[in-house]
Engineer: 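The structure's right below; bear with me while I get my questions together.
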Amino acid sequence: MDPGEIEFLAEKESIEIVPNFTHGVMHLIQGDVGPFRPGLPVSVPLWLAVNLRQRQRCRLVRPEWLAVDRLEEVRDQEKEEAFFTEMPTSNIFVVANLILDVATVDIEKADEVRTMLKDIWDIRQAKLRKSVDDFIQGGFLHSKLNHLQLIELNNVRPLLPHAFDQINRLNLATAGARRSTQSSNSSKSFLTNSLSY
Amino acid sequence: MDTIDLFDNSVNDGEEFEEELTAAEVLQKMEDSWLNEKHSPELLESKMEIVECMMEQVNTMEENLSRLKKGDMRIPVHRMELQRIKFMVNSYLRLRLEKIQSNIFHYTKSDDDNPSRLTQEEADFALNYKENLTEHFNSLALRHIPGVWESTKVVPSTPAPNLCRAVFVSVREDVPGVDIKDDAGKGRDDTIQLMKGSQHMVKYDAISHLVDEGSVQLL
Amino acid sequence: MFGEKGLELVKEAARTHHSLIPFNEDVVRQTLEETRALWDANRTEVAETSAIGASITLRHAAIERNKRCLLAYLNHRVEKLRTMRWQFGAVLPEEMKMNLCEPELEFFNKYNKALASYMRAVGTDLTNDNAPPKSLYIEVRVKQDHGEIETADGEVVLLKKGTQHHLPRDLCEQLVMQGVLEHVVS
Amino acid sequence: METFKSSYCPNYFSIEDILATQERVPVEVETDLKNLGFLDQGADNMDLARGTKLELPYWCVEGLNKSDQSRSYLMVDIPKTFKEMFREIMSADPLVVDLHKMGPYYYEFGRHLIKLSQTEGEAIGESISRTFMSRFREILDSSQNSADTDSLKVTSKMDMLERMLYKEGQKTKQGMDAWLTRKTGLISTSAMVAMHRKRKANFD
């Protein structure tokens with residue numbers, strides 16, 4: 001999957017904005033948004049928020065989780081736990097990346113927030129690499145991926161599933177050899193009937 | 001201009017659905033179908049009724065937009081949403097065509113056990129494509145050498161979806177006791193519990209029956 | 001050793017990823033000739049000995065091998081032709097056409113038609129909307145003269161090499177993919 | 001078109017599989033073979049005498065072998081790179097082995113050999129999958145860490161399958177980099193078009 005497509009999926013999530021214009025309810029296919037009154041926060045899909053922000057029609061309200069102290073907690077917990085912890089929101093990295101791109105000034109201590117997110121990302125990527133490797137070495141048939149986010153999964157795709165498929169194919173061939181050793185006089189396919197000249 | 005009437009988007013024509021769905025719900029179904037089709041190795045049941053419903057919505061909205069005055073703030077907003085939907089619909093249809101073309105001999109063989117998942121339009125296209133390809137093979141190679149070539153009899157076989165492929169799934173509804181068979185005979189057979197909200201990597205054939213009924217979503 | 005000409009075709013296919021080099025008529029013909037010779041030899045030997053020995057079996061394997069190599073080569077090029085339809089559009093540049101043999105051109109045209117009638121039947125142009133939209137308008141630089149285009153609002157824009165424009169994304173997407181325009185970050 | 005790519009799985013049209021089945025297998029002729037003297041390129045005989053040792057492409061061996069169960073024309077030996085001695089080297093130090101030199105279709109050729117050798121098939125299978133598993137981490141890491149320009153050097157010791165995975169990893173990384181540097185929405189020239197233009201430019 002292309003990261004652009006993951007961003008596309010994340011963009012339909014809601015975020016609060018404070019518009020600087022007046023407009024009635026808009027009937028989007030995705031659902032109604034508005035009404036818009038200057039200074040009054042209203043919830044809209046992220047793609048719309050980004051679009052309005054780029055046109056200077058609103059400012060974004062910082063999501064509760066996009067703050068240094070909150071992310072610090074998240075980071076510390078991620079460090080402590082052996083498994084992946086649940087992030088405060090789905091698509092946290094993708095949403096944050098979008099917001100910080102178009103609305104840095106709307107976010108307090110944006111630089112620190114960025115660093116903190118990068119730290120969390122790195123800790124989780126290290127875990128992910130290790131568990132991917134453990135999974136492959138262990139020759140398992142199933143793996144739990146709880147609390148991993150789409151963009152993180154994507155970072156090991158298609159490599160992880162592809163490697164799994166190749167090992168699977170080698171194993172199947174080996175199993176075939178084992179079976180034919182066990183039942184040595186297995187019948188082989190005859191080509192004779194297709195040899196008609 | 002009365003905006004409420006103009007942009008009322010409840011789905012009136014809900015005959016295909018058991019219950020009436022709002023446009024937003026259909027859109028969500030479109031997204032699920034798109035992702036499933038994107039990550040499934042095989043062609044899934046066609047969701048043309050969702051696609052058609054979505055395209056109808058797009059067309060109606062485009063008509064409505066053309067009636068708005070230039071500079072109306074709603075125009076760029078709605079256009080943006082329409083482009084998002086068109087991307088998803090087109091991508092979904094492209095994915096299916098790509099699967100059909102890449103596995104053309106597989107999807108055009110008649111198989112009583114496995115009814116075709118091709119829509120009528122896809123079936124027409126597939127037949128046309130297969131004839132074109134076969135004629136191409138004939139004119140440049142097969143016609144000039146004796147013997148027959150049958151796509152169903154060659155070894156190794158012509159391309160077909162690989163159902164043992166590993167996929168990522170997110171569980172939407174609890175499914176207790178999904179059997180994972182170890183085809184390699186290494187005794188790794190297992191039964192796993194798919195609990196709502198959990199995510200897994202597993203061979204597609206172990207969960208393929210759960211995709212269409214919606215208890216798991218491919219990621 | 002037989003099977004070598006067919007292998008040459010396959011090796012050629014393995015070397016070409018994002019381009020389509022001229023159809024190798026010579027080697028295709030040689031592979032076909034070899035296959036026919038193998039077939040004739042087998043028929044003669046079957047008539048003489050009325051038994052299937054090692055030489056017949058081996059020739060049979062070589063016939064099948066040659067067929068596989070030929071078809072794999074053709075199929076590899078067919079996949080390229082398909083890709084070209086999506087990347088260049090319905091009309092191929094002349095220099096590209098020169099690399100195709102007559103049946104390949106025919107395949108391309110039929111593919112074109114089949115695709116067009118599928119798209120008509122479902123009512124959407126699948127060669128559009130290839131990536132998720134990020135904005136309605138994009139900034140583009142013209143890489144080669146393309147004449148005039150008209151926007152949905154009726155505005156006419158002259159696409160002259162080297163000029164830069166702010167245009168609706170859905171109008172430019174294909175021209176960018178076809179290399180006429182370059183999407184620049186504004 | 002959509003980037004719908006499934007994992008590598010050989011089929012009738014696979015260029016890779018045809019090349020993998022072209023690799024040579026050592027055999028000993030078990031019975032005099034009439035008119036097949038040409039297979040032994042060193043000698044000049046009409047027939048191929050019993051006891052002759054030679055190497056044939058895998059597809060030939062498979063073709064001759066599966067014809068008839070009651071007659072066996074060839075006794076199949078294992079190429080030395082899959083023999084026990086090499087399997088030991090492989091399990092001792094899988095990371096340093098130059099699989100490209102030993103391959104370049106090391107795993108796929110190996111997988112075919114599994115079917116051919118009654119006695120050693122299973123051992124070969126165990127060995128190559130273990131090798132693949134041990135080398136995976138390296139592919140994962142290098143594909144995400146090295147710059148494009150290093151590709152040739154990094155992949156020099158990889159076999160075809162590993163290179164395939166490496167390339168996929170690199171593509172993933174490029175996509176992730178584009179996302180991080182906010183280039184996700186950038187439309188680019190199609191690959192074949194770009195190549196065509198490049199050639200044209202060079203030509204002009």
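Letters go in sequence order (proteins before strands), and every chain restarts at 1. All values below were derived from every heavy atom in this structure, side-chain atoms included, with hydrogens, water molecules and symmetry-related copies excluded. Since the model is a prediction, treat every value here as computed from it, not as a measurement.
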Engineer: Among C:V180, C:L181, C:V157, which residue meets the side-chain contact (heavy atoms from CB on, under 4.5 Å) test with C:H146?
Structural biologist: C:V180

Engineer: Do you know which of D:T184, D:L33, D:T21 has the most heavy-atom pairs under 4.5 Å to chain C?
Structural biologist: D:T21

Engineer: Using a cut-off of under 4.5 Å for heavy-atom pairs, which of C:E173, C:K134, C:H183 has the most such pairs with chain D?
Structural biologist: C:H183

Engineer: Heavy-atom distances under 4.5 Å only: say whether C:A14 touches chain D with side chain, backbone, both or neither.
Structural biologist: both

Engineer: Using non-hydrogen atoms and a 4.5 Å limit, figure out which bit of C:L126 sits close to chain D: side chain, backbone, both or neither.
Structural biologist: neither

Engineer: Under 4.5 Å heavy-atom distance to chain D, tell me which part of C:C172 shows up: side chain, backbone, both or neither.
Structural biologist: neither

Engineer: Relative to chain D, which of C:E64, C:Q144, C:K143, C:E182 shows the most heavy atom pairs under 4.5 Å?
Structural biologist: C:Q144

Engineer: Mind ranking D:I15, D:I18, D:L39 by heavy-atom pairs under 4.5 Å with chain C and telling me who comes out on top?
Structural biologist: D:I18

Engineer: Sort out for me which of D:L19, D:L48, D:N35, D:L186 touches chain C most, counting heavy-atom pairs under 4.5 Å.
Structural biologist: D:L186

Engineer: Using the side-chain contact (heavy atoms from CB on, under 4.5 Å) rule, pick out the option among D:L116, D:V61, D:L64 that qualifies with D:V27.
Structural biologist: D:V61

Engineer: Is there side-chain contact between C:L20 and C:R77, with at least one heavy-atom pair below 4.5 Å?
Structural biologist: yes

Engineer: Hey, is CD on C:E33 packed in by over 12 heavy atoms from elsewhere, all under 6.0 Å?
Structural biologist: yes

Engineer: Could you check, using the six-membered ring where one of them is a Trp, whether C:F2 and D:F38 have ring centers closer than 6.0 angstrom?
Structural biologist: yes

Engineer: Non-hydrogen atoms of chain D under 4.5 Å away: do they reach the side chain of C:L7, the backbone, both or neither?
Structural biologist: side chain

Engineer: Out of D:M192, D:R182, D:M195, D:H196, return the one with the most heavy atom pairs under 4.5 angstrom to chain C.
Structural biologist: D:M192

Engineer: Does any donor atom in the side chain of D:E16 or D:Y105 lie under 3.5 Å from an acceptor atom in the other side chain?
Structural biologist: no

Engineer: C:E95, C:H18, C:R68: which one forms the most heavy-atom pairs within less than 4.5 Å of chain D?
Structural biologist: C:R68

Engineer: When only pairs under 4.5 Å are counted, which of D:C60, D:A194, D:P57, D:S188 shares the most heavy-atom pairs with chain C?
Structural biologist: D:S188

Engineer: Check whether C:P93 gets within reach of chain D through its side chain, its backbone, both or neither, counting any heavy atom under 4.5 Å.
Structural biologist: side chain

Engineer: Within a radius of less than 6.0 Å around NZ of C:K11, do more than 12 heavy atoms belonging to other residues, nucleotides or ligands occur?
Structural biologist: no

Engineer: Mind checking whether D:F109 and D:F82 have parallel, tilted or perpendicular rings, split at 30° and 60°?
Structural biologist: perpendicular

Engineer: For a quick check under 3.5 Å, do D:E162 and D:Y107 share a side-chain donor-acceptor pair by atom type?
Structural biologist: yes

